[in-house]
Undergrad: 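This structure is in structure tokens; I'll ask about it shortly.
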There are 2 protein chains.
Amino acid sequence: MKMSGGVEWALHCAVVLSAADRPVPAVRLAELHDVSSSYLAKQLQALSRAGLIRAAQGHAGGYELARPADGITVLDVVEAVDGAQPAFTCTEIRQRGPLATPPEACLRPCPIARTMSVADQAWRAALRAVTVADLAQEVTGDNTDAFTVLRGWLTA
Amino acid sequence: MKMSGGVEWALHCAVVLSAADRPVPAVRLAELHDVSSSYLAKQLQALSRAGLIRAAQGHAGGYELARPADGITVLDVVEAVDGAQPAFTCTEIRQRGPLATPPEACLRPCPIARTMSVADQAWRAALRAVTVADLAQEVTGDNTDAFTVLRGWLTA
DNA sequence: CTTGACTCGGACACAATGAGTCCGAGTAGA
DNA sequence: TCTACTCGGACTCATTGTGTCCGAGTCAAG
């Protein structure tokens, strides 16, 4: 049960991009967070493939949000970077061994798989309830000047 | 976000042990589910270390539940096998880089970590709400003779 | 009491996945 | 046209999970 460490970077980048008014290169995002630019690029590519951010190449290119920040949930970012498949996968071991359950009695998933699925749904619902815009507002919060400082640093 | 595959085995074993009235060796549990006995032993050792099952050595030894089945939650088993630490770990990258947030403003976890924590709590709460006894009752359900068949196979 | 066989427990290899890096293709501007 | 800058995918290495093995301990039977 270990989530990819790149999820944290991707979420921070999404929050930063929500404050930018022009494309931001991956290198700049990397030095802002003091992380490896080569590896951060991989996470941004994942976000791009998922359609969350849009990439612009060439001079003055970079990344920008493909949608408004309030239309991108935390779950979107997590699934884009870490994969969308559930953590638990049922291998149907109840249908194996000497006391195997007959297939006609396995039309529904076993109770264990159902329990795991319910927990997974709860987890996803909690992440779907928060958007990048919510995160950005909480980050800035009271000191609104931090917002302008960040925007200034991005354009410089 | 991949959970250890041994969690499924451990949960099935817990359900089986709730039906047994005497210690069951790991080898028997393994052939019942048609899985590697050597690897299943590792999962059972994890459950034993967590105090969920009790091991009896020597002739006619084996594993048995250390507590009543309704006192063991699915979360207990998951944490015992897969570890209890949350999937997301905040590395505090907000305190790094040229625009680092000053430490006096970081008394509380950042919004990203908070969101992840809430989702994690929801996930754990869902798993804590189901006990091994609940699983056993759902498995047997209408056909109660399967219960006696299983118990007979275990003692044979 | 001795013997024996059976059990768990931890220590030991192997494979798969994630972390991290690098260079080439493409593009916008000068 | 040229140059410099950007992304994108391919490559390598470390870490973790998967799977296996043998020795220490223990209970029951003779």
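Letters A, B, ... are given to chains in the order of the sequence lines, protein chains preceding strands, and every chain is numbered from 1.
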Undergrad: Would you name the heavy atoms of B:Ala87 and A:Lys2 that are closest together and state the gap between them?
TA: O-CD, 4.1 Å

Undergrad: Using whole Å, what does the distance between atom C1' of nucleotide C:dG10 and atom CD of B:Gln43 come to?
TA: 14 Å

Undergrad: Is it true that, when you exclude A:Arg96 itself, more than 12 heavy atoms of the residues, nucleotides or ligands shown sit nearer than 6.0 Å to its CZ?
TA: yes

Undergrad: Look at the side-chain heavy atoms of Ile, Leu, Val, Met, Phe, Trp and Tyr, link any pair under 4.5 Å apart, and say whether B:Val149 and B:Leu29 land in one connected group.
TA: yes

Undergrad: Is it the case that B:Asp134 and B:Thr131 place a side-chain donor and acceptor less than 3.5 Å from each other?
TA: yes

Undergrad: What's the CD-P distance between A:Glu64 and C:dA28, to the nearest Å?
TA: 13 Å

Undergrad: Could you check how far NZ of B:Lys2 sits from C1' of D:dT15, rounded to whole Å?
TA: 17 Å

Undergrad: If you count the non-hydrogen atoms of other residues, nucleotides and ligands that lie under 6.0 Å from CD in B:Gln95, is the total more than 12?
TA: yes

Undergrad: Please give, in whole Å, the distance from D:dC5 P to A:Glu31 CD?
TA: 14 Å

Undergrad: Indicate yes or no: at least one non-hydrogen side-chain atom of B:Val7 is less than 4.5 angstrom from one of A:Met116.
TA: yes

Undergrad: Can you identify which nucleotide, out of C:dG20, C:dT7, D:dC7, has its nearest atom closest to the B:Pro25 side chain?
TA: C:dT7

Undergrad: Check the distance between C:dT7's C1' and B:Ile53's CD1 and give it to me in whole angstrom.
TA: 13 Å

Undergrad: Do any side-chain nitrogens or oxygens of A:Ser36 fall under 4.0 Å of OP1 or OP2 in C:dA19?
TA: no

Undergrad: Taking 4.0 Å as the cut-off, does a side-chain nitrogen or oxygen of A:Tyr39 come that near to OP1 or OP2 on C:dT21?
TA: no

Undergrad: I need the CZ-P distance between A:Arg54 and D:dT6, as an integer number of Å.
TA: 19 Å

Undergrad: With a 4.0 Å cut-off on heavy atoms, is B:Gly6 in touch with a base, just the backbone sugar-phosphate, or nothing at all?
TA: nothing

Undergrad: What is the distance, to the nearest angstrom, from the CG atom on B:Leu40 to the C1' atom on C:dC8?
TA: 13 Å

Undergrad: Could you tell me the separation between the CZ atom of B:Arg22 and the C1' atom of D:dC27, rounded to a whole number of Å?
TA: 15 Å

Undergrad: Look for any protein N or O under 3.5 Å of an N or O in nucleotides 8-10 of chain D and output each such pair with its distance, or none.
TA:
{"from": "D:dG8", "atom 1": "OP2", "to": "A:Tyr63", "atom 2": "OH", "distance (Å)": "2.9"}
{"from": "D:dG8", "atom 1": "N7", "to": "A:Gln45", "atom 2": "NE2", "distance (Å)": "3.2"}
{"from": "D:dG9", "atom 1": "N7", "to": "A:Gln45", "atom 2": "OE1", "distance (Å)": "3.0"}
{"from": "D:dG9", "atom 1": "N7", "to": "A:Gln45", "atom 2": "NE2", "distance (Å)": "3.4"}

Undergrad: Nearest nucleotide by nearest heavy atom, which residue falls closer to the 5' end of DNA chain D, B:Asp82 or B:Ser37?
TA: B:Asp82

Undergrad: Could you tabulate the donor-acceptor pairs under 3.5 Å formed by side-chain atoms of residues 63-75 of chain B, not counting sequence neighbours?
TA:
{"from": "B:Arg67", "atom 1": "NH1", "to": "B:Gly71", "atom 2": "O", "distance (Å)": "3.0"}
{"from": "B:Thr73", "atom 1": "OG1", "to": "B:Leu75", "atom 2": "N", "distance (Å)": "3.4"}
{"from": "B:Thr73", "atom 1": "OG1", "to": "B:Asp76", "atom 2": "N", "distance (Å)": "3.1"}
{"from": "B:Thr73", "atom 1": "OG1", "to": "B:Asp76", "atom 2": "OD2", "distance (Å)": "3.1"}

Undergrad: Return the 5'-most residue of the pair B:Ala56, B:Met1 with respect to DNA chain C, ranking by each residue's nearest nucleotide.
TA: B:Ala56

